[in-house]
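First up is the structure itself, then whatever we jot down about it.
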Amino acid sequence: MKNLKYFISLSLSLLLFTACEEDTYEFGEITTPTNLAVAVDIVGLDADNPNGDGSGVVNFNATADGAITYKFIINGDLDNADMSTSGTLEKSFYTVGVNNYDVTVVAYGTAGSPTSTTFSIEVLSTYTPPADLILALTGGSSKTWRVKSEVGQHFGLGPVGGLIPCEWYGAGPEDKAGTGTYDDRWTFNSDGTINHVTNGNVFGRSAQVYPDLGNNGTGTEVGDDVLNYEYANYTENWNIINPGQISIKLTNKAFFTYYTGGNHTYELWDYNENELFIRTVDGAGEFTWWMILVAE
């Protein structure tokens with residue numbers, strides 16, 4: 001009996017030792033990027049226009065040895081920082097006039113080891129959005145919009161750069177019922193804020209939802225979509241920009257209808273006081289997504 005106890009004790013010790021061995025992870029070499037450099041192109045900058053052509057568009061190109069991704073932080077605003085695996089970023093600055101911006105670029109190596117640089121740029125923006133558009137969006141104070149689910153092609157996709165709405169696919173009336181989008185409401189406020197009432201869940205593209213919003217264990221994946229992903233109501237900011245096409249620019253992770261990631265800029269294909277016909281390119285650069293919102 002005594003020998004049996006010793007055998008059991010020895011077996012448990014071996015099991016514990018084996019378990020400890022299985023929990024040992026190799027992270028590999030931690031590397032910090034070196035030789036970080038950032039090229040800045042203020043669109044339209046020349047001898048006569050030292051702060052650009054007034055579009056407010058700036059192109060950044062960051063490079064560093066050993067970097068796997070880059071973060072661009074404007075004026076210390078971490079909540080609205082832009083990430084780029086390629087190191088390239090097109091950024092629109094839309095505060096009217098010549099404004100100074102502090103830019104911090106962080107290059108991350110393996111295991112998240114960072115190196116950074118900070119510099120300042122002065123950018124001219126002369127764009128003033130159409131008064132009728134601001135009135136249409138806000139009603140003069142605040143105005144609420146929803147997906148126009150009762151009509152065909154209220155949501156769909158086509159090629160990047162395509163000019164035919166929903167060229168490759170257009171949803172039929174109420175086709176996306178039960179996905180977490182038709183009960184959403186967006187309220188544009190004249191102070192530049194936007195309230196998105198999600199009613200607890202949203203609809204999006206899984207390839208962008210999980211990396212951007214996190215995999216919280218909710219939602220149902222159907223093909224490339226994630227349905228009824230749990231996501232709380234939120235408030236962000238909106239602005240009208242015109243980088244060649246009048247667009248609604250949303251801050252942080254704000255979105256309309258279907259989460260696609262990307263630059264959260266929605267071109268206004270057409271609009272009136274009751275309807276917004278918008279489009280955006282997803283974060284993977286694969287498709288243009290078309291959407292129709294209607295005023296309540």
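Please read all numbers here as calculations on a predicted model, not as lab measurements.
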Examine Leu213 and Val226 and state if one hydrophobic cluster contains both, with Ile, Leu, Val, Met, Phe, Trp and Tyr joined whenever side-chain heavy atoms are less than 4.5 Å apart.
yes
Can you confirm if the aromatic rings of Phe256 and His264 lie within a centre distance of less than 6.0 Å?
no
Does Leu89 offer a backbone N or O that forms a donor-acceptor pair with the side chain of Ser84 under 3.5 Å?
no
One pair to check against ring pair (Phe, Tyr, Trp, His ring centres under 6.0 Å): Phe155 and Tyr258. What are the steps and the verdict?
CA-CA 9 Å; Phe155 167 73; Tyr258 177 82; 4.9 Å; yes
Counting distance only, does the side-chain N/O of Tyr182 pair as donor-acceptor with the main-chain N or O of Lys176 below 3.5 Å?
yes
Under 4.0 Å between a side-chain nitrogen and a carboxylate oxygen: does that hold for Arg205 and Glu286?
yes
Got a donor-acceptor contact below 3.5 angstrom from the Thr288 side chain to the Pro159 backbone?
yes
Val58 versus Asp41: any side-chain heavy-atom pair under 4.5 Å?
no
Apply ring pair (Phe, Tyr, Trp, His ring centres under 6.0 Å) to the pair Phe188 and Trp238, showing each step before the final yes or no.
CA-CA 8 Å; Phe188 285 87; Trp238 64 276; 5.3 Å; yes
Report yes or no: do Ile278 and Ile246 belong to one cluster of Ile/Leu/Val/Met/Phe/Trp/Tyr joined by side chain heavy-atom distances under 4.5 Å?
yes
What verdict does the ring pair (Phe, Tyr, Trp, His ring centres under 6.0 Å) test give for Phe93 and Tyr101, after you've listed the backbone C-alpha separation in whole Å, the side-chain angles of each residue and the deciding distance to 0.1 Å?
CA-CA 9 Å; Phe93 296 89; Tyr101 300 94; 4.3 Å; yes
How long is the span from the CG atom in Asn239 to the OH atom in Tyr127, to the nearest 0.5 Å?
9.5 Å
With side-chain contact (heavy atoms from CB on, under 4.5 Å) as the criterion, how do Thr88 and Asn59 come out once you've worked through the C-alpha distance, each side chain's angles and the decisive distance to 0.1 Å?
CA-CA 7 Å; Thr88 62; Asn59 293 300; over 6 Å; no
First locate atom CG of Asn195, then atom CG of Asn233, and finally report the distance between them rounded to the nearest 0.5 Å.
9.0 Å
Donor-acceptor contact below 3.5 Å, side chain Thr32 vs main chain Pro114:
no
Trp269 reachable from Tyr266 in the ILVMFWY side-chain graph, under 4.5 Å edges
no
Any donor-acceptor pair under 3.5 Å from Asn228 side chain to Phe203 backbone:
no
Centre-to-centre under 6.0 Å for Phe277 and His154, is that the case here?
no
Interatomic distance, CG@Asp48 vs CG@Leu45, rounded to 0.5 Å, equals 10.5 Å
Between Asp184 and Arg146 (salt bridge meaning N to carboxylate O under 4.0 Å), is one present in this structure?
no
Establish, from distance only, whether the side-chain atoms of Thr265 and Ser247 form a donor-acceptor pair under 3.5 Å.
no
Just checking, any donor-acceptor pair under 3.5 angstrom between side chains of Thr144 and Thr187?
yes
What distance do Thr138 atom OG1 and Asp191 atom CG have between them, rounded to the nearest 0.5 Å?
10.0 Å
Apply side-chain contact (heavy atoms from CB on, under 4.5 Å) to Lys91 and Phe60, showing your working.
CA-CA 8 Å; Lys91 188 77 174 179; Phe60 299 96; 3.9 Å; yes
Given the rule that I, L, V, M, F, W and Y join up when any side-chain heavy atoms are under 4.5 Å apart, are Trp290 and Tyr271 in one cluster?
no
Any side-chain donor paired with an acceptor under 3.5 Å for Ser141 and Ser190?
no
Mind checking the OH-OG1 spacing from Tyr231 to Thr198? Nearest 0.5 Å is all I need.
9.0 Å
Within the distance-only criterion (no hydrogens, no angle test), does the side chain of Asp102 pair as donor or acceptor with the backbone N or O of Ser120 below 3.5 angstrom?
no
With a 4.5 Å cut-off on side-chain heavy atoms, are Glu150 and Pro173 touching?
no
Sidechain-backbone polar pair: Thr220 side chain, Leu227 backbone, donor-acceptor under 3.5 Å:
no
Given the options Asn252, Asn189, Thr193, Thr235 meets side-chain contact (heavy atoms from CB on, under 4.5 Å) only with Thr193
dist Leu157:CG -> Thr280:OG1 (nearest 0.5 Å) comes out at 12.5 Å
Which of Leu250, Leu137, Thr251 passes side-chain contact (heavy atoms from CB on, under 4.5 Å) with Ile194? It is Leu250
Does Asn274 offer a backbone N or O that forms a donor-acceptor pair with the side chain of Asn272 under 3.5 Å?
yes
Can you tell me if Thr69 uses its side chain to pair, donor with acceptor, with the backbone of Tyr108 under 3.5 Å?
no
Indicate yes or no for a side-chain donor-acceptor contact from Asp282 to the backbone of Gly262 under 3.5 Å, with no hydrogens or angles considered.
no
